[in-house]
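Scroll down for the structure; my scribbles are underneath it.
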2 protein chains.
Amino acid sequence: MLTDRQLLILQVIIDEFIESAHPVGSRAISKKGHVSYSPATIRNEMADLEDMGYLEKTHSSSGRIPSEKGYRYYVDHVIVPTMTQSKLNIMEHIIQDDFFEMEEIVQKSAEILSDLTNYTSIILGPEVFETKLKQLQIVPLSQHKAVAILITDTGHVEHRSFTIPVEILASDLEKMVNILNDRLHGVPLIHLQDVLNTEVVTLMKMYVQDYERSYSYLKHAFFSEQPVNIYIGGKSNILTQPEFKDVEKVRSFYTMMENKDELVQLFSNMQSGMNVTIGHENKFEAIKDFSMITATYSLDKGQQGTIALLGPTRMEYRKVMTLLNAVANEMTDALYIWYKNNGQ
Amino acid sequence: MLTDRQLLILQVIIDEFIESAHPVGSRAISKKGHVSYSPATIRNEMADLEDMGYLEKTHSSSGRIPSEKGYRYYVDHVIVPTMTQSKLNIMEHIIQDDFFEMEEIVQKSAEILSDLTNYTSIILGPEVFETKLKQLQIVPLSQHKAVAILITDTGHVEHRSFTIPVEILASDLEKMVNILNDRLHGVPLIHLQDVLNTEVVTLMKMYVQDYERSYSYLKHAFFSEQPVNIYIGGKSNILTQPEFKDVEKVRSFYTMMENKDELVQLFSNMQSGMNVTIGHENKFEAIKDFSMITATYSLDKGQQGTIALLGPTRMEYRKVMTLLNAVANEMTDALYIWYKNNGQ
DNA sequence: TGTTAGCACTCAACCTTACCGAGTGCTAAT
DNA sequence: ATTAGCACTCGGTAAGGTTGAGTGCTAACA
């Protein structure tokens with residue numbers, strides 16, 4: 001357990017380091033005010049803090065920098081208790097727009113967040129979790145070409161063009177789509193495969209001639225991809241951070257950002273509320289020098305999305321956490337109202 | 001006009017520099033074979049080439065590097081005459097896929113191109129030019145919420161959700177969409193606005209009650225954005241190039257890549273066929289250290305898309321031009337066949 | 001016992017200097 | 001017209017010196 005003085009010193013060091021990116025020395029702390037002890041005393045405390053693993057040195061006679069454990073302590077014990085549930089009304093002007101679409105809100109928010117923080121923002125749209133199928137459609141483009149369109153109740157649209165082999169009758173497809181629409185309307189996306197394989201299949205066998213072939217085609221067209229909405233804002237922001245002068249780091253970061261699957265995994269086991277992941281707590285090597293702060297926003301019935309900000313471990317935790325908290329709350333509020341007005 | 005020997009030397013210097021990224025000296029050229037003159041002779045020629053502006057020095061006693069004018073000469077006089085119209089059959093396996101969609105082909109091609117070259121590839125989908133509207137649709141999500149979907153004959157799908165104000169009758173919207181579909185089917189996207197404002201408006205005034213309001217809503221939902229398909233592959237590839245050790249360059253590059261509008265502008269006045277833009281010939285400051293090679297591919301009736309590869313000015317022009325040429329041809333061929341089989 | 005002044009020590013960062021080698025330009029010889 | 005020879009230039013690297021911010025430890029002090 002840390003004494004008050006140790007906690008104070010730890011806090012000052014972290015605040016200072018977050019601002020300057022340079023190791024912090026005892027003299028600097030003593031001068032900065034707040035701590036009214038001599039450098040020597042502070043040095044002793046710093047040595048203790050280092051022994052306990054909260055601080056590190058870059059070399060034997062350097063000042064101290066926070067360790068990941070230090071940041072963790074700071075986040076858990078210093079910031080959280082002082083967080084206010086303030087509303088910043090950041091998103092007011094977005095929500096007001098008449099032509100809003102969930103995906104647009106989400107995208108705009110990502111941009112705003114990275115502009116305000118100078119970090120990279122990632123937003124994961126509402127989970128497939130409770131999202132339901134609204135409608136399936138096939139629009140023929142020509143004799144052998146069509147677009148399959150899938151619409152969810154959140155207004156998300158997936159589409160995929162495909163060629164219809166001559167062997168398959170257009171009428172069969174049409175019948176099939178009708179059956180599918182009839183049966184699958186309102187089914188959560190996550191259960192689509194199940195319902196398809198049980199109820200629907202038998203039905204289709206009855207009515208559709210060349211069932212086997214047509215079914216495999218449709219299945220491929222409609223359900224081959226899991227719809228995920230992921231938006232990234234301000235990727236080039238991290239380049240302004242001094243810790244990323246090294247091109248190798250930049251490279252691994254960008255490679256990661258281009259890989260949707262990995263990104264989705266990043267968020268896989270986040271609970272509701274705020275989450276801070278510091279450095280190696282992260283599961284990917286590529287961002288072991290990063291911290292990530294995530295918050296969840298909710299839609300009406302348990303649907304849940306994630307907002308995240310990604311920056312160096314030397315991140316402005318307090319600012320970002322306050323901001324993210326506010327934005328998540330505002331999104332939840334706005335979406336609640338929206339659902340109430342427009343809900344099915 | 002260059003003598004044969006000067007041309008040879010220029011060529012050797014450029015080839016060498018493209019490979020090594022280091023200034024090329026007279027001794028190295030003499031040793032490499034091909035040029036059977038002494039270093040002194042070569043030095044004289046190099047001095048002449050520098051006077052003419054084809055070569056540069058990085059400092060007074062360094063070897064020579066090609067100037068932009070040098071690359072330009074090389075591209076115009078050395079490469080073009082030797083280019084064969086070879087078919088590389090790179091895309092065979094993509095085209096074979098049954099479930100292909102133009103947008104997918106395009107995206108896959110972008111990836112393949114950047115993998116093969118280690119540069120960044122940009123592909124611009126077929127221009128709106130001749131793309132025609134296939135169908136408009138409105139799918140209601142709830143009482144006051146709907147998705148507007150626009151489908152083109154190339155299989156491209158645009159969508160946008162919007163809220164329907166209480167004042168507007170759903171039946172009005174439906175009528176309207178019917179009229180629009182009837183009248184706008186087959187109209188090139190580029191003329192949509194015109195046709196809307198002339199023919200369609202009068203028709204709608206006749207049949208639709210609260211015409212003014214409904215119309216402005218629909219217009220916003222369907223036609224507020226120009227649909228552009230732009231795909232970028234291998235953004236992080238350029239980080240492997242030694243000239244981009246400087247983080248500032250990386251930053252300006254990425255900032256540019258995140259800005260669709262600028263990217264589209266980049267391609268604005270490209271003619272058919274191959275185009276090479278070297279360094280400052282480019283209109284954007286952010287990529288003044290880059291060269292861009294573009295090729296156009298065509299669809300059936302004058303629709304045209306652009307493929308581009310973006311790399312350092314020290315780019316493997318010959319390889320990239322050969323490759324790009326082949327890919328563009330193969331795309332054109334494949335799309336021609338596709339159109340013949342599936343065309344309307 | 002907790003705090004602080006003093007002091008020797010460490011090490012990154014920076015500067016200077018020296019030197020090497022790849023390269024040039026020019027001149028004179030072939 | 002070509003080339004050998006030579007003085008010169010300059011980036012790059014390595015070695016040594018200096019500075020200053022910082023530490024740990026000891027001993028004195030409240």
Side-chain angles (χ1 to χ4, degrees), chain A residues 1-10 12-17 19-67 70 242-243 245-246, chain B residues 1-10 12-17 19-67 70 242-243 245-246:
Chain A
M1 198 49 204
L2 297 186
T3 65
D4 283 357
R5 190 166 71 186
Q6 285 171 332
L7 181 57
L8 179 63
I9 290 174
L10 178 61
V12 172
I13 290 178
I14 293 184
D15 286 337
E16 186 63 25
F17 182 70
E19 198 184 318
S20 72
H22 293 299
V24 184
S26 56
R27 221 179 100 88
I29 298 173
S30 175
K31 276 202 171 173
K32 262 274 147 128
H34 307 298
V35 189
S36 51
Y37 293 95
S38 76
T41 310
I42 294 172
R43 275 204 292 284
N44 288 329
E45 296 287 30
M46 278 162 56
D48 289 346
L49 283 167
E50 187 180 352
D51 289 343
M52 288 185 274
Y54 296 109
L55 295 178
E56 283 171 1
K57 287 193 278 195
T58 59
H59 60 89
S60 72
S61 73
S62 76
R64 301 302 204 293
I65 62 173
S67 68
E243 29 267 279
K245 272 182 205 147
D246 180 8
Chain B
M1 197 47 205
L2 296 186
T3 65
D4 283 358
R5 191 167 69 188
Q6 285 171 332
L7 181 58
L8 179 63
I9 290 174
L10 178 60
V12 171
I13 290 178
I14 293 183
D15 287 337
E16 185 63 27
F17 182 70
E19 198 184 318
S20 71
H22 292 298
V24 184
S26 54
R27 220 178 101 89
I29 297 174
S30 175
K31 276 201 171 173
K32 262 271 147 131
H34 306 299
V35 189
S36 51
Y37 294 95
S38 76
T41 309
I42 294 171
R43 275 204 293 282
N44 287 330
E45 296 286 29
M46 279 162 58
D48 289 347
L49 283 166
E50 186 180 354
D51 289 343
M52 289 185 277
Y54 296 110
L55 295 178
E56 283 172 0
K57 287 192 277 197
T58 58
H59 61 89
S60 72
S61 73
S62 77
R64 302 301 204 294
I65 62 172
S67 67
E243 29 268 279
K245 270 181 207 150
D246 179 7

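These figures come from a predicted structure and were not determined experimentally. Sequence lines set the chain letters: A, B, ... in the order given, protein chains first and strands last, and positions in each chain run from 1.
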Exercise for the section: Could you tell me whether the phosphate oxygens of D/dG11, OP1 or OP2, come under 4.0 Å of any side-chain nitrogen or oxygen in B/S61? Expected result: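 Looking at the OP1 and OP2 atoms of D/dG11, neither is under 4.0 Å from any side-chain N or O of B/S61.
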
Exercise for the section: Would you please confirm or rule out a distance under 4.0 Å between OP1 or OP2 of D/dT2 and any side-chain N or O of B/S38? Expected result: no

Handout entry: Inter-residue atom distance B/S26.OG - B/R64.CZ, 0.5 Å rounding
Key =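 Spacing of OG (B/S26) from CZ (B/R64) equals 8.5 Å.
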
Fill in the blank from the handout: Taking for B/E45 and for B/H59 the nucleotide of DNA chain D with the nearest heavy atom, the one nearer the 5' end belongs to B/E45

Practice task
Would you mind classifying the nucleic acid contact of B/S62 as base, sugar-phosphate or nothing, using non-hydrogen atoms under 4.0 angstrom?
Solution key: sugar-phosphate

Handout entry: For B/V24 against B/F17, the heavy-atom pair lying closest together
Key = CG2-N, 3.9 Å

Exercise for the section: Report yes if a donor N or O on one partner sits less than 3.5 Å from an acceptor N or O on the other, where the partners are the side chain of B/T41 and the base of D/dT2; otherwise report no. Expected result: no

Practice task
Kindly indicate whether the side chain of A/L2, heavy atoms from C-beta on, has any atom under 4.5 Å from the side chain of A/Y54.
Solution key: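 In contact.
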
Practice task
Could you check if a side-chain atom of B/R5 sits within less than 4.5 angstrom of a side-chain atom of B/I42, using non-hydrogen atoms only?
Solution key: no

Check for a donor-acceptor pair, side chain of [X] on one end and backbone N or O of [Y] on the other, with a separation under 3.5 Å.
X     : Y     : answer
B/S20 : B/E16 : yes
B/S67 : B/E56 : no
B/S30 : B/Y37 : yes

Taking [atom1] from [X] and [atom2] from [N], how many angstroms apart are they, rounded to a whole number?
X     : N      : atom1 : atom2 : answer
A/E16 : D/dA21 : CD    : P     : 15 Å
B/L49 : C/dT24 : CG    : P     : 12 Å
B/R27 : D/dG5  : CZ    : P     : 13 Å
A/I42 : D/dG22 : CD1   : C1'   : 13 Å
B/L55 : C/dT24 : CG    : P     : 10 Å
B/I65 : C/dT24 : CD1   : C1'   : 15 Å
A/R5  : C/dT4  : CZ    : C1'   : 11 Å
A/E56 : D/dT23 : CD    : P     : 15 Å

Exercise for the section: For the helix from C/dT1-D/dA30 to C/dT30-D/dA1, measure the angle between the helix axis at one end and the axis at the other, each built from five pairs, rounding to 10°. Expected result: 20°

Exercise for the section: Summarise how protein sits on nucleotides 24-30 of chain D as a single string, 5' to 3': B when a protein heavy atom is under 4.0 Å from the base, S for sugar-phosphate-only contact, - for no contact. Expected result: BB-----

Exercise for the section: Run through A/I65, A/I9, A/L10 and flag the one making a side chain to side chain contact (heavy atoms under 4.5 Å, CB included) with A/L55. Expected result: A/L10

Problem - A/D4 atom CG, over 12 foreign heavy atoms within 6.0 Å - result: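 Not more than 12 within 6.0 Å, no.
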
